[in-house]
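Every heavy atom of this structure was used, including side-chain atoms; hydrogens, water molecules and symmetry mates were not.
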Amino acid sequence: MSLAAISWAMVAMMQLCMTSQSGMKKLGYPFLSFHYTQSLLKIFSCIFLGISLYLNCLDNGLSVGIITWIFLIITSAFFLQFLLYYHFNRWFFLIWILLFFLSVLHLLTQYI
């Protein structure tokens, strides 16, 4: 299981959580009320999930990479963002930004 893959999947899951109805209501961020911002976050979360799948397949091979991505990476990223959403919803946006920058930094140092 790739650390870069799980961090990119976490970023994508957190974005999808922010654009959900309960996320918009509970988090209360004003920039989420715009339809344009919501659609951009959804598009970028699909891109980040693709990056996560690519990085996991790069580490584990194609057949094992897809299976571990579906059953390990996505499920663990979902449950981790779920815990962050309910326990640290006050700092959810800051954690999302920090995790995004750590993912980019890890990608730059590990694979480039």
Side-chain angles (χ1 to χ4, degrees):
M1 187 164 69
S2 172
L3 178 65
I6 197 164
S7 62
W8 281 107
M10 279 274 302
V11 170
M13 291 291 178
M14 289 175 81
Q15 285 179 345
L16 290 174
C17 179
M18 285 192 295
T19 58
S20 69
Q21 286 182 346
S22 65
M24 288 190 303
K25 186 190 312 182
K26 189 168 184 175
L27 295 173
Y29 297 131
F31 67 90
L32 291 176
S33 62
F34 300 113
H35 180 70
Y36 181 71
T37 307
Q38 291 175 8
S39 61
L40 273 178
L41 283 176
K42 288 177 184 177
I43 290 169
F44 279 121
S45 64
C46 291
I47 292 170
F48 294 156
L49 284 174
I51 291 171
S52 171
L53 176 63
Y54 174 73
L55 292 174
N56 197 41
C57 288
L58 193 66
D59 281 346
N60 297 324
L62 186 62
S63 62
V64 175
I66 292 174
I67 292 170
T68 58
W69 185 75
I70 291 171
F71 291 112
L72 291 176
I73 301 290
I74 295 298
T75 55
S76 59
F78 174 75
F79 286 115
L80 286 173
Q81 71 86 21
F82 190 72
L83 289 173
L84 288 174
Y85 178 70
Y86 282 106
H87 292 293
F88 300 106
N89 62 352
R90 184 182 221 178
W91 300 289
F92 194 78
F93 184 74
L94 294 174
I95 294 170
W96 172 69
I97 292 290
L98 178 70
L99 190 60
F100 175 75
F101 284 123
L102 287 176
S103 300
V104 170
L105 184 66
H106 186 270
L107 180 70
L108 290 175
T109 59
Q110 187 74 21
Y111 295 102
I112 294 179

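Contact detail for Ile73 and Ile6: the closest heavy-atom pair is CG2-CA, 4.0 Å. Across every non-hydrogen atom of Ala4 and Ser7, the tightest pair is O-OG, 2.9 Å. Shown here for Leu41 and Gln15, the closest heavy-atom pair between the two residues is O-OE1, 3.4 Å. Nearest heavy atoms, Ser45 versus Leu16: OG-CD2, 3.2 Å. Contact record, Met18 with Met24: O-CG, 3.3 Å, taken as the closest heavy-atom pair. Across Ala77 and Met10, no two heavy atoms sit closer than the pair O-SD, 3.5 Å.
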In a table with atom names and distances, give each donor-acceptor pair under 3.5 Å that connects a side chain of residues 83-96 to protein atoms at least two apart or in another chain.
from, atom 1, to, atom 2, distance (Å)
Tyr85, OH, Ser22, O, 2.9

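Taken together through direct or relayed side-chain contacts under 4.5 Å among Ile, Leu, Val, Met, Phe, Trp and Tyr, Leu105 and Leu99 form parts of separate hydrophobic clusters. Under a hydrophobic clustering in which Ile, Leu, Val, Met, Phe, Trp and Tyr are joined whenever their side-chain heavy atoms come within less than 4.5 Å, directly or via other members, Val64 and Ile66 fall into different clusters.
The stretch residues 36-69 participates, sequence neighbours left out, in these ring pair (Phe, Tyr, Trp, His ring centres under 6.0 Å) pairs: Trp8-Phe48, Phe48-Phe100.
In this structure, CG in Leu58 is found 9.5 Å from CD in Gln110, a value given to the nearest 0.5 Å. The line from CD1 of Ile67 to CG of Asn56 is 11.0 Å long, rounded to the nearest 0.5 Å. Here Ile74 contributes atom CD1 and Leu53 contributes atom CG; the two are 8.0 Å apart, rounded to the nearest 0.5 Å.
Taking Ile, Leu, Val, Met, Phe, Trp and Tyr as members and joining any whose side-chain heavy atoms lie under 4.5 Å apart, directly or through other members, the hydrophobic cluster of Leu98 also contains Leu102.
In this structure the side chain of Leu107 reaches within 4.5 angstrom of the side chain of Leu55, judged on heavy atoms.
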